[in-house]
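Since the structure comes first, as structure tokens, the remarks are kept for the end.
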Amino acid sequence: MSQVDKDSGHNSGEQNPRKKRSPIIKGIFLLLVFLLFVSAAFVSVVGIILLQDITQDLPNLEEETPQPSLTSVVYDRKERVIARLFEENRTWVNLDQMSPWATKAVLAAEDSEFYEHQGIRLTAILRALMIDISAGKARHGGSTITQQVARMIFLTRERTIKRKASEAIIAMRMERKYTKDQILELYMNMAYFGHGAYGIGAASQVYFGKSASQLTLAEASMLAGVLPAPNAYTPVRHPDKAAVRQDYVLSRMVETGMISPQEKEQVQGTKLHYIMKSGTPKATFVMKDAPYFVSYILFKYLLPKYGRDTIYRGGLKIYTTIDLDVQEQAEAVISKMKYEGALVALDPDTGEILALVGGRDFEKSKFNRAVQAYRQPGSSFKPIVYATAMENGYRPVDHVIDGPLNFPNGWSPKNSDMKYSGEITLLDALSRSVNTIAVRLAQIVGVNTVREQAKAMGISTPYLPEDLSLALGSASVTPLEMAVAFSTFANNGYRVEPFGVKEILDNTGHPLEQNGASLTRAMSPEVAVEIRSMLTQAVNWGTGTRARIPNYQTFGKTGTTNDFTDAWFIGGVPGLVTVVYIGNDNHKTLGRAFGGTVAAPVWKEFVEKAVKTLNTPTTFTISPGTSVESVRVCRKTGFLASGGCPAAEVLMPVGQAPSTKCPWHGGDAFAARNDPNAPQLVLAPIDDDTAIAGYQMKTPWGEEQPMEDGGGDGLHVKQPKVGDAGGEAPANPNEEPYRNDPTPAPEVEKRFQELLKQYNISSD
């Protein structure tokens, strides 16, 4: 046996077993490598397919810019906040306008390595990818601030692997497109802090009533602590849990070197005071201040023009015309009324709505009676009839017969006191609101002429009757329309377009619109001033005495409808025209309540406060070039007042006033007979010889019959210039023109709910 054989311990003819096993092991190894390669390839292919599936629906950040939902803010004329309109209550705040404590606290609590990573943290993602096999959902979080922003803007909150992967991809893309500061600013403005507050700007206001720049370390650390679960960690409902979270945030700030341990101890001894002013996470219709006004501009103007998304998500600044103090004064007087009603206050020189109240309680009734209640104005419509007459050459000193009216069709309108005064001046008739005179005037000038004058003054209702009942206020109009019409008397003859929005800025401060006065000549300045002076007398000694404002020139007119279902007072002082309407929605009687007894006192209470708030002038101005003069006349005869006359001051166009004193109260009868501007008796087509004989004024120089135009004796008789004896139809007594209701309250309430649904706004 050779030495080699001896050493090997085997026979030289036997094979080595290691050589036999080597190919098998090698084969197994190669098989494993092959399988691993195939698996890797399979995983890669599957990964590519999954990645394509995930990425094909992801947003293209080069084309899409994050558009967070921003709160639109409504301001009054003094830039005080009236309302906030939002889906998510969010006010954008630039990063450099935030308290440094706010950003530091959020970084420490949510992502202390934010400025080091590239959008994701791999270790956190691996930890987050622990899968519940049965449910297929991720168990843990691990998102960076960038990932959270990606989820807030582009994704849902579902916890699936696909969503987590999408979140990571978008986050990395965002890190390439935006700077760290831009991403942090997005997060600070998009994060939900609870109580309806989205973003640090809204949160600082909702919790502490201050701007984000004013947050202290204690306040900022508390807000940062609620971020993981705002409802669970809110200090308002769960102060103990909130304190634990605040301690965690402060500890992290110490660990990261943002604050010292001593600063942490100081904060932990600080007691915070919370004021929850607003907050609801949905687009809602919940308003505290000026709800009737805000709903009016919202549904009448803003939403139809700009759409829901722009108004509720666009972060607009909407500057309105109302004065919040005046609005609150208006709401106060209406809320304590016994019956329902409305109040509208306008600046007659511009058309700006200074206050608008549509009812006693918005929460109980959304029916906005200021702009939706079409109601009969009663006698408050009469000044429009008189203005029509003055535009057609008649004067306050002219006479019309106050006597019975019996039309062939059976219509027989009467005065409220069922009495007649005979031949009286137009000044006296308007001041005392005599019904028969208004009907006769309408017949004299023509109903269609009155209708056209009303439209020129801003009466836009489609419910203007074409018969003589119009003279007594049988039209159906809104309080806002009547405010516009009476503004014509206050501003020397111009129709104004009422508006409630002065300016709108977008979220960058760029103006979207700016509005101002829009004036159209509605009547001559002489006639406007003339009617205003007549209505001043109505307040001084007529039916509107309860509305007189001491030390202010005041004009106005009462209005009462049949069966006392509606009561009005409409009038103004320099710089302010106000309408007060009172009436039940079901049209039940107010119980012998006249406009002068129930509406005028409410009007006065409001106006006395409003003029001080607005600092309005005390006297009216007359436009330069207006040819009028102040005349002191006898309100019974229209001649210049003598010592014994019941006198009144009235403004009349120059050259139209009588030049002689009243012969009934001591003046020269001969001079009066020959005065070319002597008051004239104006006969209506319905006035027959019997009416003239029974109700005309007897002259102090005899009882001869008055002469036709230009006669030398007595009061001259003036036949109508316009109108037609047979062309002006009386009201049909069977149609009850005063009972029309184009806008019943239940239907309006139903329409309001339909509008909320139309614009996807919750009323909860």
Side-chain angles (χ1 to χ4, degrees), residues 293 296-297 300-301 321-322 342-356 358 368-391 442 445 447-466 470-471 473-501 515-532 535 555-557 559 568-573 575-581 620 623 742-743:
F293 172 77
Y296 166 66
I297 63 171
K300 184 73 174 179
Y301 185 70
T321 58
I322 70 166
L343 186 151
V344 176
L346 290 185
D347 182 332
D349 298 315
T350 64
E352 293 173 88
I353 299 173
L354 301 174
L356 187 148
N368 193 337
R369 296 155 192 85
V371 294
Q372 294 176 314
Y374 284 87
R375 298 292 182 262
Q376 282 70 43
S379 294
S380 63
F381 193 86
K382 289 175 182 174
I384 298 175
V385 179
Y386 281 74
T388 309
M390 302 302 159
E391 280 284 270
V445 300
V447 169
N448 285 334
T449 311
V450 175
R451 282 164 49 89
E452 291 306 311
Q453 182 63 60
K455 293 175 183 178
M457 294 170 64
I459 299 296
S460 57
T461 178
Y463 311 112
L464 278 175
E466 299 182 16
L470 177 66
S474 64
S476 293
V477 296
T478 66
L480 180 59
E481 285 180 89
M482 294 303 289
V484 171
F486 271 63
S487 292
T488 305
F489 304 135
N491 66 25
N492 303 316
Y494 289 97
R495 169 184 174 171
V496 295
E497 295 297 332
F499 66 101
V501 177
N515 301 309
S518 176
L519 307 178
T520 305
R521 176 63 68 185
M523 65 181 65
S524 70
E526 287 78 13
V527 168
V529 169
E530 196 170 28
I531 295 293
R532 185 174 71 218
L535 293 175
F555 76 93
K557 184 69 186 73
W568 301 71
F569 191 84
I570 310 172
V573 294
L576 178 65
V577 165
T578 302
V579 174
V580 168
Y581 160 76
F620 286 99
S623 303
T743 54

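The structure displayed is predicted, hence computed values, not measured ones.
Not one N or O on the side chain of W568 forms a donor-acceptor pair closer than 3.5 Å with the backbone of P479. Not a single donor-acceptor pair under 3.5 Å links the side chain of D347 to the backbone N or O of E352.
S476 places a side-chain heavy atom less than 4.5 Å from the side chain of Q376. Looking only at side-chain heavy atoms (C-beta outward), V477 and I459 come within less than 4.5 Å of each other. Under the 4.5 Å side-chain criterion, counting only non-hydrogen atoms from C-beta, N492 is in contact with R532. Counting heavy atoms from C-beta outward, M523 and T388 have side chains that stay 4.5 Å or more apart. A heavy-atom distance below 4.5 Å is not found between the side chains of K557 and F569. Using a 4.5 Å heavy-atom cutoff, the side chains of T350 and V496 are not in contact.
Using bins of under 30°, 30° to 60° and over 60° for the plane-to-plane angle, the ring pair Y463/Y374 lands in the perpendicular bin. Relative orientation of the F486 and F489 rings is perpendicular, given thresholds of 30° and 60° on the angle between their planes.
The two residues A342 and G358 come nearest to each other via the heavy atoms CB-CA, 4.3 Å. Counting all heavy atoms, side chain and backbone alike, I384 lies closest to Q453 at O-CG, 4.3 Å. Smallest separation of non-hydrogen atoms from L354 and G575: CD1-O, 4.4 Å. Across T743 and A373, no two heavy atoms sit closer than the pair OG1-CA, 3.6 Å.
To the nearest 0.5 Å, atoms CZ (R495) and OG (S460) are separated by 7.0 Å. Of the inter-residue distances, the one linking S487 atom OG with D349 atom CG reads 8.5 Å to the nearest 0.5 angstrom. Rounding to the nearest 0.5 angstrom, the gap separating the CE atom in M482 from the CG atom in L346 is 12.0 Å. Distance check, rounded to the nearest 0.5 Å: OG1 of T461 to CZ of R375 gives 11.5 Å.
No more than 12 heavy atoms of other residues, nucleotides or ligands shown are found within 6.0 angstrom of OH on Y494.
Here the options are V484, L480, T578, the test is side-chain contact (heavy atoms from CB on, under 4.5 Å), and the partner is V344; only L480 passes.
Note that R369 lies outside the cation-pi zone of Y581, set by a 6.0 Å cut-off to the ring centre and a 45° limit from the axis.
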